[in-house]
Amino acid sequence: MAKRSPWHSKAPNSRKVHHDETTCTEGNNIESYNKVSGTGGYPKCDHCRRISG
Ligand SMILES: [Zn+2]
């Protein structure tokens, strides 16, 4: 599966998780202006976990 460096959302109402799978719909739904690279100290999102197994 495609991996990229982690990113997360800085939107105050977003879930406190980070993403690292390019196919994660939740990660891809983050508006570009809310996207921040890095984990932000948050756990990996459950969709990304499922994708990466
Ligand atoms: Zn994700």
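Val17 forms part of no hydrophobic cluster, judged by ILVMFWY side-chain heavy-atom separations under 4.5 Å.
Atoms CD and CG, from Glu21 and Asn28 in turn, are 10.5 Å apart once rounded to the nearest 0.5 Å. Atom NE2 of His8 sits about 13.5 Å away from atom SG of Cys45, to the nearest 0.5 Å. Note that NE2 of His18 and OH of Tyr42 are 12.0 Å apart. Values are rounded to the nearest 0.5 Å. Distance check: Cys24 SG to Arg49 CZ gives 12.0 Å after rounding to the nearest 0.5 Å.
Using a 4.5 Å heavy-atom threshold, the side chains of His19 and Glu26 count as touching. Contact of the Lys44 side chain with the Pro6 side chain is not registered, since no non-hydrogen atoms from C-beta on lie closer than 4.5 Å.
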May I have the list of side-chain donor-acceptor pairs in residues 31-39 shorter than 3.5 Å, sequence neighbours left out?
unit_1	atom_1	unit_2	atom_2	d
Glu31	OE1	Asn34	ND2	3.2
Thr39	OG1	Gly41	N	3.1

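Taking every heavy atom of both residues into account, Trp7 and Ile30 meet most closely at NE1-CD1, 3.8 Å.
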